[in-house]
Amino acid sequence: MPERKRVLTGDRPTGKLHLGHYVGSLANRIALQDEHDLFLLVANLHALTTKTDTANQLENIHTLVLDQLAAGIDPEKATFYLQSDVPEIAELGVILSMLVTHSMATNVPTLKEVLRDLNIESPSMGLIVYPVLMAADILIGKAHVVPVGKDQTSHLELAREVARRFNTTYGDMFPVPEALIPKDSGTLPGLDGKAKMSKSLGNDIKLSDDPATVEAKVMEMYTDPNHVHVNDPGSVEGNVVFTFLDIFDVNKAEVADLKEHYRKGGLGDVVIKKRLAAVLNEFLEPMRARRAELEKNPDQIKEVLRAGTEKMRLIARATLEEVKEKMRINYLA
């Protein structure tokens, strides 16, 4: 039997998860939890790098874990932990920052994207050193694998370089983490067809949406603007409804027939939207059932997060002690 690898990934707690999160990462996590030791970081310190208002953070932490459990993550197989309650991460971040130049940190694509997308001209120091803290997140648990999207492998390179520099300078200790690109990974377009699904853009269907909300949102989805009348030939390419049907409708033969009919004309947008709404509600129904069970005991979320955080603290303490020993800065040990 192949050795189980430690896989680490996570999210900033910034609100409810949506179908784009499921397609982009959650489906992969559900598969990984049976194959590897899966650690899921609730990155609440990273959330502060772009939003210092913490009024909703406790609620967002709860929601982030709840959404993942409802989606099918098993807390007996995966370890959830809270970044701010593992102080060894921040301490390791300080140590690793000595191995990172300013240009190395500021050239990380993730940071550049955040600065561009949020129009930040004067970033906080927390945001500037965010890539180093991300490296500490990964290395503190000696993760072997970090799942990333097809276009995000470069985002992991700083952690890989830091691991190599530490190992070369002080002796082998850290695995150099490998990127895991999920099969069929990709981004789900937003309902407006203009960008990927995003909480901030409000073009999403949340995993927690009720059936009526899902149907209402689907009815507003972007299709083919030239398909004005039912009998007009329609375009399937770039039509968000068909993009969603390709992903979520299990009856591929019927979807193919609908596409052919739509292209020829005689098939209205309302018909395909009603089908998609039914498909999505069927897909989300098991999540709603699990969510309802979890919400009967709200303290269960906190218990899952506390147990996982305690587990990670033991790992983090051991790693940090080894780091200090390797560096010969453990004078009082």
Side-chain angles (χ1 to χ4, degrees), residues 8-22 24-26 29 38-71 73 75 78-94 108 110-111 113-115 117-120 122-138 140-141 146 155 197-209 287 290-291 294-313 316:
L8 188 146
T9 187
D11 310 274
R12 299 189 307 160
T14 56
K16 297 178 179 180
L17 300 184
H18 52 62
L19 287 173
H21 294 119
Y22 186 89
S25 62
L26 285 182
R29 295 177 191 182
L38 179 62
F39 284 75
L40 298 173
L41 170 67
V42 178
N44 60 326
L45 294 180
H46 286 308
L48 298 175
T49 59
T50 56
K51 188 175 182 181
T52 54
D53 179 3
T54 58
N56 297 319
Q57 197 180 90
L58 294 181
E59 179 184 352
N60 287 342
I61 290 169
H62 179 89
T63 298
L64 176 58
V65 178
L66 174 59
D67 277 348
Q68 293 185 81
L69 294 176
I73 300 293
T79 301
F80 289 91
Y81 64 101
L82 186 61
Q83 188 181 36
S84 63
D85 273 26
V86 185
E88 292 81 4
I89 297 173
E91 186 173 352
L92 181 61
V94 171
V108 170
T110 313
L111 179 59
E113 289 167 10
V114 170
L115 294 174
D117 294 346
L118 298 181
N119 296 315
I120 298 175
S122 299
S124 68
M125 283 303 301
L127 183 53
I128 291 294
V129 301
Y130 141 76
V132 183
L133 184 59
M134 184 173 68
D137 291 327
I138 295 167
I140 196 78
V146 179
H155 298 173
M197 188 169 284
S198 167
K199 287 178 285 191
S200 60
L201 295 177
N203 62 356
D204 61 343
I205 292 177
K206 295 178 174 59
L207 302 181
S208 54
D209 281 344
M287 299 188 200
R290 285 191 288 266
R291 181 183 304 277
L294 289 162
E295 288 177 336
K296 290 179 182 178
N297 178 14
D299 289 340
Q300 186 175 350
I301 304 300
K302 186 173 288 187
E303 291 164 6
V304 165
L305 195 52
R306 179 178 287 115
T309 301
E310 290 175 356
K311 177 180 177 180
M312 176 49 88
R313 280 216 70 184

Checklist entry - What heavy-atom pair brings Gly20 and Met197 nearest, and what distance separates the two atoms? => result N-SD, 3.4 Å
Next on the checklist: Show, in sequence, the C-alpha distance, side-chain angles and deciding distance for Arg290 and Leu69, and conclude whether the side-chain contact (heavy atoms from CB on, under 4.5 Å) test is met.
Outcome noted: CA-CA 8 Å; Arg290 285 191 288 266; Leu69 294 176; over 6 Å; no
Checklist outcome for this item: Smallest heavy-atom separation, Leu294 atom then Ala70 atom, equals CD1-N, 3.9 Å
Next on the checklist: Checking Tyr22 now: which residues fulfil ring pair (Phe, Tyr, Trp, His ring centres under 6.0 Å) with it, not counting sequence neighbours?
Outcome noted: Phe283
Checklist entry - Tell me, do Thr79 and Leu40 make a side-chain contact under 4.5 Å, heavy atoms counted? => result no
Checklist entry - Does Val86 reach the side chain of Met312, with side-chain heavy atoms less than 4.5 Å apart? => result yes
Checklist entry - How long is the span from the CD atom in Gln57 to the CG atom in Leu48, to the nearest 0.5 Å? => result 5.5 Å
Checklist entry - When rounded to the nearest 0.5 angstrom, what is the spacing between CD1 in Ile89 and CG in Leu41? => result 6.0 Å
Next on the checklist: Set out, in order, the CA-CA distance, both residues' side-chain angles and the distance that settles salt bridge (Lys or Arg N to Asp or Glu O under 4.0 Å) for Asp11 and Arg29, then state yes or no.
Outcome noted: CA-CA 12 Å; Asp11 310 274; Arg29 295 177 191 182; 2.8 Å; yes
Checklist outcome for this item: Correct closest heavy-atom pair for Ala136 and Leu92 would be O-CD2, 4.0 Å
Item to check | Atom NZ of Lys199 with >12 non-hydrogen neighbours under 6.0 angstrom | outcome: yes
Checklist entry - With sequence neighbours left out, what residues match Arg12 under salt bridge (Lys or Arg N to Asp or Glu O under 4.0 Å)? => result none
Checklist entry - Any donor-acceptor pair under 3.5 Å linking the side chain of Asp209 with the backbone of Lys206? => result yes
Item to check | Counterpart residues, side chain to side chain donor-acceptor pair (under 3.5 Å), relative to Ser124 (two or more places apart) | outcome: none
Checklist entry - Roughly how far, to the nearest 0.5 Å, is the CG atom of Leu115 from the CD1 atom of Ile128? => result 6.0 Å
Next on the checklist: Can you give me the closest heavy-atom contact between Leu111 and Leu127, atom names plus distance?
Outcome noted: CD1-O, 3.4 Å
Item to check | Chi angles and distances behind the side-chain contact (heavy atoms from CB on, under 4.5 Å) call for Phe80, Ile73 | outcome: CA-CA 10 Å; Phe80 289 91; Ile73 300 293; 3.5 Å; yes
Checklist entry - Applying ring pair (Phe, Tyr, Trp, His ring centres under 6.0 Å), which residue pairs with at least one partner in residues 45-65 are found, sequence neighbours left out? => result His46-Tyr130
Item to check | Atom of Asn44, atom of Ser84 and distance for their closest heavy-atom approach | outcome: ND2-OG, 2.8 Å
Checklist outcome for this item: Hits for side chain to side chain donor-acceptor pair (under 3.5 Å) against Lys51, two or more places apart or cross-chain, chain-then-number order -> none
Next on the checklist: For the OG1 atom of Thr54 and the CG atom of Leu58, what is their distance to the nearest 0.5 Å?
Outcome noted: 7.5 Å
Item to check | Side-chain touch Leu207/Leu26, heavy atoms, less than 4.5 angstrom | outcome: yes
Item to check | Side-chain heavy-atom pair Asp204, His21 within 4.5 angstrom cut-off | outcome: no
Checklist entry - Within the side chain of Asn203, is there an N or O that forms a donor-acceptor pair under 3.5 Å with the backbone of Ser198? => result yes
Checklist entry - Is Arg313 salt-bridged to Asp85, cutoff N-O under 4.0 Å? => result no
Check residues 297-309 and write down every donor-acceptor pair under 3.5 Å in which the side-chain atom is one partner and the other belongs to a residue at least two apart or another chain.
from, atom 1, to, atom 2, distance (Å)
Asn297, OD1, Asp299, N, 3.4
Thr309, OG1, Leu82, N, 3.0
Thr309, OG1, Leu305, O, 2.7

Checklist entry - Just wondering, do Asp67 and Met287 contact through their side chains at under 4.5 Å, heavy atoms? => result no
Next on the checklist: Can you confirm whether Thr63 sits close enough to Pro13 that some side-chain heavy atom of one is under 4.5 Å from a side-chain heavy atom of the other?
Outcome noted: no
Item to check | Thr110 vs Pro131 side-chain heavy atoms within contact, under 4.5 Å | outcome: no
Item to check | Gap between atom CD1 of Ile120 and atom OG1 of Thr50 - 0.5 Å precision | outcome: 6.5 Å
Checklist entry - Hey, does Glu310 have a side-chain heavy atom less than 4.5 Å from the side chain of Tyr81? => result no
Checklist outcome for this item: Rounded to the nearest 0.5 Å, the CD atom of Gln83 sits from the CD1 atom of Ile140 at a distance of 11.0 Å
